[in-house]
*Asks:* 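Just passing along the structure, written as structure tokens.
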Amino acid sequence: MPHTTVEYSGTLAEALDRPAFGKALHEALVTVAGGRAGGCKTRFVRHDDLWIADGSPHHAMVHVEISLLSGRTPEVKRALAEAVLAALREHTAPTPQYAVQFSVDLRDLDREAYVGHTEPESAS
């Protein structure tokens, strides 16, 4: 835990350094929000069929949605969102041909309703 989905315009596929951003994201989840590194999961989802703003092809987006177990203060959530946005911008190469919209959304997961299980790696 936490679960993160990163949705991005296909036009940014080469600009977004997904491994570097994933590493920075997981570090922020641990250091800022007290997450457990071994439980961090990030999915990158490329979108080629988008309508942004007025629909002009020069628009692009990257949206990060993070789901965390409930209990963190608004200050911690804000600090995490700002750290993730900074890392996202740092790991996206400049694309002057696009007006890129970056956004981060944090969501609480109900601790009473969330369940998970990790199957241990088997020794072969």
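Residue indices begin at 1 and follow the sequence shown.
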*Asks:* Give a yes or no on this: more than 12 heavy atoms of other residues, nucleotides or ligands lie within 6.0 Å of atom CD of Q97.
*Replies:*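 Atom CD in Q97 is crowded, with more than 12 foreign heavy atoms closer than 6.0 Å.
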*Asks:* Please report, to 0.1 Å, the donor-acceptor pairs under 3.5 Å made by any side chain of residues 74-84, with sequence neighbours excluded.
*Replies:*
{"from": "E75", "atom 1": "OE1", "to": "T73", "atom 2": "OG1", "distance (Å)": "3.4"}
{"from": "K77", "atom 1": "NZ", "to": "D108", "atom 2": "OD1", "distance (Å)": "3.2"}
{"from": "K77", "atom 1": "NZ", "to": "D108", "atom 2": "OD2", "distance (Å)": "2.7"}
{"from": "R78", "atom 1": "NE", "to": "E82", "atom 2": "OE2", "distance (Å)": "2.9"}

*Asks:* Verify whether one side chain among H47 and S9 offers a donor that lies under 3.5 Å from an acceptor in the other.
*Replies:* no
*Asks:* If the condition is side-chain hydrogen bond (donor to acceptor under 3.5 Å, both in side chains), which residues does R107 pass it with, not counting sequence neighbours?
*Replies:* D105
*Asks:* Less than 4.5 Å apart, side chain to side chain, heavy atoms only: is that true for T92 and V100?
*Replies:* no
*Asks:* Should L29 and F102 be regarded as members of a common hydrophobic cluster, given that ILVMFWY residues are connected when their side-chain heavy atoms come within less than 4.5 Å of each other, either directly or indirectly?
*Replies:* yes
*Asks:* Show me the donor-acceptor pairs within less than 3.5 Å that the side chains of residues 62-70 make with the rest of the protein, sequence neighbours left out.
*Replies:*
{"from": "H63", "atom 1": "ND1", "to": "S103", "atom 2": "OG", "distance (Å)": "2.6"}
{"from": "S70", "atom 1": "OG", "to": "L109", "atom 2": "O", "distance (Å)": "3.4"}

*Asks:* Looking only at heavy atoms, which two atoms of H3 and R43 are closest? And how far apart?
*Replies:*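 For H3 versus R43, the nearest heavy atoms are ND1-NH1, 3.8 Å.
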*Asks:* Are R89 and F21 packed together at the side-chain level, in the sense that at least one heavy-atom pair is separated by less than 4.5 angstrom?
*Replies:*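 Of all side-chain heavy-atom pairs linking F21 with R89, none is under 4.5 Å.
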*Asks:* Taking the side chain as everything from C-beta on, heavy atoms only, tell me whether R46 gets closer than 4.5 Å to L12.
*Replies:* no
*Asks:* For K23, does the NZ atom sit with more than 12 other heavy atoms under 6.0 Å from it, leaving out its own atoms?
*Replies:* no
*Asks:* Check whether any side-chain N or O of R18 sits under 3.5 Å from a backbone N or O of A13 as a donor-acceptor pair, and report yes or no.
*Replies:* yes
*Asks:* Can you give me the closest heavy-atom contact between A33 and R72, atom names plus distance?
*Replies:*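 Distance-wise, the nearest heavy atoms are O-NE, 2.6 Å.
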*Asks:* Could you see if L85 belongs to whatever hydrophobic cluster contains V6? Use Ile, Leu, Val, Met, Phe, Trp, Tyr and a side-chain cutoff under 4.5 Å.
*Replies:* yes
*Asks:* Taking side chain as C-beta onward, heavy atoms only, is K41 less than 4.5 Å from T4?
*Replies:* no
